[in-house]
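Reading through the structure tokens given below for one structure.
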Amino acid sequence: MSQPAIPKGTRDFSPEVMIRRNYIFNTIRSVFQRYGYMPLETPSMENVDTLTGKYGDEGDKLIFRILDSGDYLKSVSEEALQQRQLPAITKSIAEKALRYDLTVPFARFVVMNQHSIAFPFKRYQIQPVWRADRPQKGRYREFYQCDADVVGSDSLVNEVELVQIFDDALSALKVPATIKINNRKILMGIAELAGVANRMMEMTIAIDKLDKVGEEGVVKELGERGFTTEAVQTIRGLFSLSGSNEEMLDQLSTLLSSSESGMKGIAELRFVIARSKVIGLNSCSLELDITLARGLNYYTGAIFEVKALGVQMGSICGGGRYDDLTGIFGLKGVSGVGISFGADRIYDVMTELQLFPENEMQSTQLLFANFGEKEELQCMQFLRQVRNAGINAEIYPESAKMKKQFKYADDKQIAYVAIIGEEELQTSTISLKHMQSGEQTKVTIDQLIAKLRG
RNA sequence: GUGGUCGUAGCUCAGCAGGUAGAGCUCCAGAUUGUGGUUCUGGCUGUCGUGGGUUCGAGCCCCAUCGAUCACCCCA
């Protein structure tokens with residue numbers, strides 16, 4: 001290895017980037033906490049069995065597996081090797097895998113701790129996840145998700161609050177966005193009406209592409225997937241909806257009047273949309289998008305997706321209700337609903353729209369210039385006082401040329417430089433220079449602290 | 001997993017009909033031995049992504065490989 005490198009689809013985060021990333025994480029975290037969600041972390045790796053089968057066939061292929069330690073081939077049969085039976089081999093050489101999302105590990109946690117958890121259980125989780133996807137714009141192999149889920153409550157109050165959380169966080173970050181909402185029960189209703197109830201997943205995958213391939217494209221794909229002309233015609237009825245959220249719901253209820261699940265979905269949407277309207281949103285708009293489907297197959301009720309305005313970027317947030325997520329781990333009848341912020345994409349959007357506040361860069365407020373041993377000791381004594389007062393401060397660690405020390409402060413965007421040379425030492429003063437204005441004043445240590453505390 | 005484009009200094013890029021590598025910025029030093037961001041002067045940096053092939057000769061042509069990027073699939 002000549003030049004060091006990092007695996008594809010992964011990134012280093014420099015201090016400048018981390019400060020911005022933390023700004024995003026902190027904003028989202030504080031909103032989660034404001035709504036009563038509690039922090040949770042789970043291991044980076046899970047048992048393979050915990051993850052497989054939860055994300056569909058496509059998803060399973062994207063799970064990063066961790067090679068067993070030691071003689072990992074010991075339980076692979078000679079026969080399997082000879083015939084290259086990859087699934088069988090894979091299964092016996094990797095018993096752990098990196099987590100693919102935060103929702104499944106959360107479901108696992110709930111099931112394992114069901115007797116000590118008080119329901120409804122509201123948790124948030126901000127951790128990286130890994131997918132063996134091919135990287136491209138806004139798509140990485142390691143990225144962070146910021147999830148908030150509540151389990152053990154069927155109430156639509158949760159959905160309404162989650163919409164508010166989207167709005168609160170994105171408004172705080174000043175990201176212009178539209179929250180799209182739909183309901184899987186409506187899609188189910190359409191599927192029933194079209195006589196393809198057993199193929200709802202296929203149907204949703206096709207219609208999810210409406211905004212990308214257009215109505216003709218969707219019709220074409222449905223045809224290719226073997227849907228009958230009648231079924232396609234019925235599904236097509238969805239595309240003719242128009243008007244406000246409420247008007248679209250009215251049209252839908254006529255269309256789906258014969259479908260029990262369809263009508264239930266409409267009622268649920270009405271509730272969430274009406275409540276959100278009464279309570280009000282800060283800067284986001286809430287839009288019913290009947291073609292919103294979302295790939296994850298565990299969603300059963302409301303589904304959410306958030307699109308940033310003014311940039312070419314996939315959805316920046318997602319979410320929805322799942323009636324039986326914990327069922328696969330043996331705990332039935334626990335309904336949950338949750339959302340996820342895609343922090344990396346939000347970062348990219350904010351970069352593109354230049355939404356990061358300038359002063360976020362100022363981590364150190366004060367730099368003590370270093371003139372030599374005697375002055376240095378005085379500086380370090382002052383530093384202790386300054387730091388005790390809650391001011392971020394540092395000393396240039398060696399008595400380099402002034403030019404160099406000031407340049408350091410300038411590069412690091414440190415607001416003030418404290419100069420203590422022989423003259424200041426004798427008069428017990430500090431020459432304090434404000435870097436931006438260039439103004440320099442003589443102050444005492446107490447005055448300095450008072451000034452920087454602001 | 002499928003297909004397209006690309007890969008030259010730390011960064012952004014130039015290079016030509018195949019003839020032994022350049023510009024700007026950054027960085028470093030000095031002008032200015034207690035003062036940065038402006039200015040001026042000087043200086044450093046490359047196995048031209050990697051491996052092979054064609055050729056007297058390859059940064060340039062061919063093949064492979066790795067990486068980046070875009071589209072598809074899927075998704076945050």
Side-chain angles (χ1 to χ4, degrees), chain A residues 1-11 14 24 28 55-63 86 99-103 126-147 201 204-206 208-209 212-213 217 221 292-297 304-308 312-320 338-349 367-372 375 396 399-425 430-440 442:
Chain A
M1 178 169 292
S2 50
Q3 286 291 329
I6 56 175
K8 88 158 100 172
T10 64
R11 298 150 296 163
S14 67
I24 294 174
I28 293 171
Y55 309 108
D57 291 342
E58 287 298 321
D60 280 0
K61 287 185 202 154
L62 300 180
I63 294 172
L86 294 181
R99 78 167 95 78
Y100 179 90
D101 72 355
L102 301 178
T103 309
I126 298 177
Q127 287 189 278
V129 302
W130 294 268
R131 296 185 189 178
D133 213 342
R134 190 138 159 185
Q136 55 180 269
K137 186 179 183 184
R139 258 168 102 158
Y140 307 100
R141 289 187 146 182
E142 177 183 64
F143 62 95
Y144 273 72
Q145 287 191 334
C146 312
D147 278 23
M201 273 312 297
T204 54
I205 287 170
D208 194 37
K209 293 175 191 158
K212 213 172 225 172
V213 299
E221 174 160 351
L292 173 62
R294 295 194 56 78
L296 293 179
N297 50 18
F304 304 108
E305 192 162 290
V306 179
K307 290 278 290 179
Q312 197 61 37
M313 177 72 72
S315 58
I316 55 173
C317 309
I339 58 173
S340 176
F341 287 81
D344 300 82
R345 284 191 177 175
I346 292 174
Y347 181 93
D348 290 346
V349 168
L367 174 75
F368 280 88
N370 191 330
F371 279 77
E375 294 87 348
Y396 197 86
S399 61
K401 287 190 174 141
M402 277 307 100
K403 182 182 169 73
K404 196 164 183 186
Q405 301 196 31
F406 273 88
K407 187 159 166 42
Y408 175 80
D410 196 45
D411 287 344
K412 215 168 161 183
Q413 295 184 38
I414 296 172
Y416 289 93
V417 173
I419 300 142
I420 299 172
E422 210 166 327
E423 188 193 324
E424 285 85 356
L425 216 50
I430 300 165
S431 291
L432 184 66
K433 174 161 174 162
H434 184 238
M435 291 299 281
Q436 210 169 342
S437 65
E439 275 172 36
Q440 193 164 318
K442 290 225 166 174

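Per chain, numbering begins at 1; letters A, B, ... match sequence-line order.
Atom name C1', nucleotides B/G36 and B/U69: the rounded distance is 38 Å, in whole Å. Distance check on atom P: B/C44 versus B/A23 gives 12 Å, rounded to whole Å. Straight-line distance between the P atoms of B/G10 and B/G52: roughly 23 Å, to the nearest whole Å. Separation of the P atoms belonging to B/G18 and B/C61 is 9 Å when rounded to the nearest angstrom. Nucleotides B/C66 and B/C11 have their C1' atoms positioned 22 Å apart, rounded to a whole Å. One P atom belongs to B/C6, the other to B/C75, and the distance between them is 31 Å to the nearest Å. Across the P atoms, B/C16 and B/G53 are found 28 Å apart, a figure rounded to whole Å. Here, B/U47 and B/A9 have their C1' atoms 14 Å apart, quoted to the whole Å.
No N or O donor and acceptor, one from the side chain of A/R134 and one from the base of B/C73, sit under 3.5 Å apart. Donor-acceptor pairing under 3.5 Å, judged by distance alone, is absent between the side chain of A/D410 and the base of B/G37. Donor-acceptor pairing under 3.5 Å, judged by distance alone, is present between the side chain of A/E424 and the base of B/G34. Judged by distance alone with a 3.5 Å cut-off, a donor-acceptor contact links the side chain of A/K433 to the base of B/U35. One N or O donor and one acceptor, one from the side chain of A/R345 and one from the base of B/C75, sit under 3.5 Å apart. A donor N or O paired with an acceptor N or O is found under 3.5 Å between the base of B/U35 and the side-chain atoms of A/Q440.
Listed nucleotides B/C74, B/G36, B/A29 differ in distance to A/K401; the shortest reach to its side chain belongs to B/A29. Each of B/G67, B/A76, B/C74 was ranked by its minimum atom distance to the side chain of A/Q145; first place goes to B/A76. Distances from the side chain of A/R131 to the nucleotides B/C75, B/G67, B/C74 place B/C75 closest. Comparing B/C28, B/A76, B/G34 by their closest approach to the side chain of A/K407 singles out B/C28. Among the nucleotides B/G36, B/A76, B/C74, the one closest to the side chain of A/S315 is B/A76. Side-chain atoms of A/F143 lie closest to B/A76 of the nucleotides B/G36, B/C73, B/A76. Of the candidate nucleotides B/C73, B/G36, B/G34, B/C73 has the atom nearest to the side chain of A/K209.
Few gaps surround CD on A/Q440; more than 12 heavy atoms of other groups in view lie less than 6.0 Å from it. Around NZ of A/K404, the count of heavy atoms belonging to other residues, nucleotides or ligands within 6.0 Å does not exceed 12.
The side chain of A/K8 places an N or O atom within less than 4.0 Å of a non-bridging phosphate oxygen (OP1 or OP2) of B/G67. At the phosphate of B/A71, OP1 or OP2 sits under 4.0 Å from a side-chain N or O atom of A/Q136.
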message: For a side-chain contact (heavy atoms from CB on, under 4.5 Å) check, start with the C-alpha distance between A/L62 and A/Y55, then their side-chain angles and the critical distance, and finish with the verdict.
response: CA-CA 9 Å; A/L62 300 180; A/Y55 309 108; over 6 Å; no
- request: List the steps, then state whether side-chain contact (heavy atoms from CB on, under 4.5 Å) holds for A/E423 with A/K442.
  value: CA-CA 11 Å; A/E423 188 193 324; A/K442 290 225 166 174; 2.6 Å; yes
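Counting to the nearest Å, the C1' atom of B/G1 and the CD atom of A/E58 are 8 Å from each other. Rounded to whole angstrom, the span from the CD1 atom of A/I126 across to the P atom of B/A76 amounts to 17 Å. Residue A/D60 contributes atom CG, which lies 15 Å from atom C1' of B/C75 at whole-angstrom precision. Spacing between atom NZ of A/K404 and atom P of B/U33 amounts to 16 Å, rounded to whole angstrom units. The CD1 atom of A/I63 sits 13 Å away from the P atom of B/C75 (whole-angstrom rounding). Rounded to an integer number of Å, the gap from NE2 of A/H434 to C1' of B/G36 is 13 Å. In this structure, the CG atom of A/D208 is 13 Å from the C1' atom of B/C73, given to the nearest Å. Atom CG of A/D133 is separated from atom P of B/A71 by 13 Å (rounded to the nearest Å).
Below 30°, between 30° and 60°, or above 60°: for A/Y416 and A/H434 the angle between ring planes is between 30° and 60°, a tilted geometry.
The closest donor-acceptor contact from the side chain of A/R141 to the backbone of A/D133 lies under 3.5 Å.
Base contact: A/G438 has a heavy atom under 4.0 Å from a base atom. Contact annotation for A/Y140: base contact, defined as any heavy-atom pair under 4.0 Å involving a base atom. Within the 4.0 angstrom heavy-atom criterion, no nucleotide atom of any strand lies near A/G372. Counting any heavy atom pair closer than 4.0 Å across all strands shown, A/Q405 reaches no nucleic acid atom. At the heavy-atom level, A/M402 lies under 4.0 Å from the strands shown only through sugar-phosphate atoms. Residue contacts shown for A/K307 are absent, as no nucleic acid heavy atom lies under 4.0 Å away.
Side-chain atoms of A/S431 and A/E424 include a donor-acceptor pair closer than 3.5 Å. In summary, the side chains of A/D147 and A/S340 do present a donor paired with an acceptor at a separation below 3.5 Å, with no hydrogens or angles considered.
Base pairing of B/A23: its partner is B/U12, meeting the Watson-Crick or G-U wobble criterion (both donor-acceptor distances under 3.5 Å). Nucleotide B/U65 is matched to B/G49 when pairs are restricted to Watson-Crick or G-U wobble geometry with both distances under 3.5 angstrom. Across all strands shown, B/G1 forms a Watson-Crick or G-U wobble pair, both distances under 3.5 Å, with B/C72. Of the nucleotides present, none pairs with B/U54 by Watson-Crick or G-U wobble criteria with both distances under 3.5 Å. Pair assignment for B/A29 gives B/U41, based on Watson-Crick or G-U wobble hydrogen-bonding distances that are each under 3.5 Å.
Here the rule is side chain to side chain donor-acceptor pair (under 3.5 Å) with A/D344, and of A/Q145, A/R11, A/R139 only A/R11 fits it.
Judged by closest nucleotide on RNA chain B, A/F371 is the one of A/G318 and A/F371 placed further toward the 5' end.
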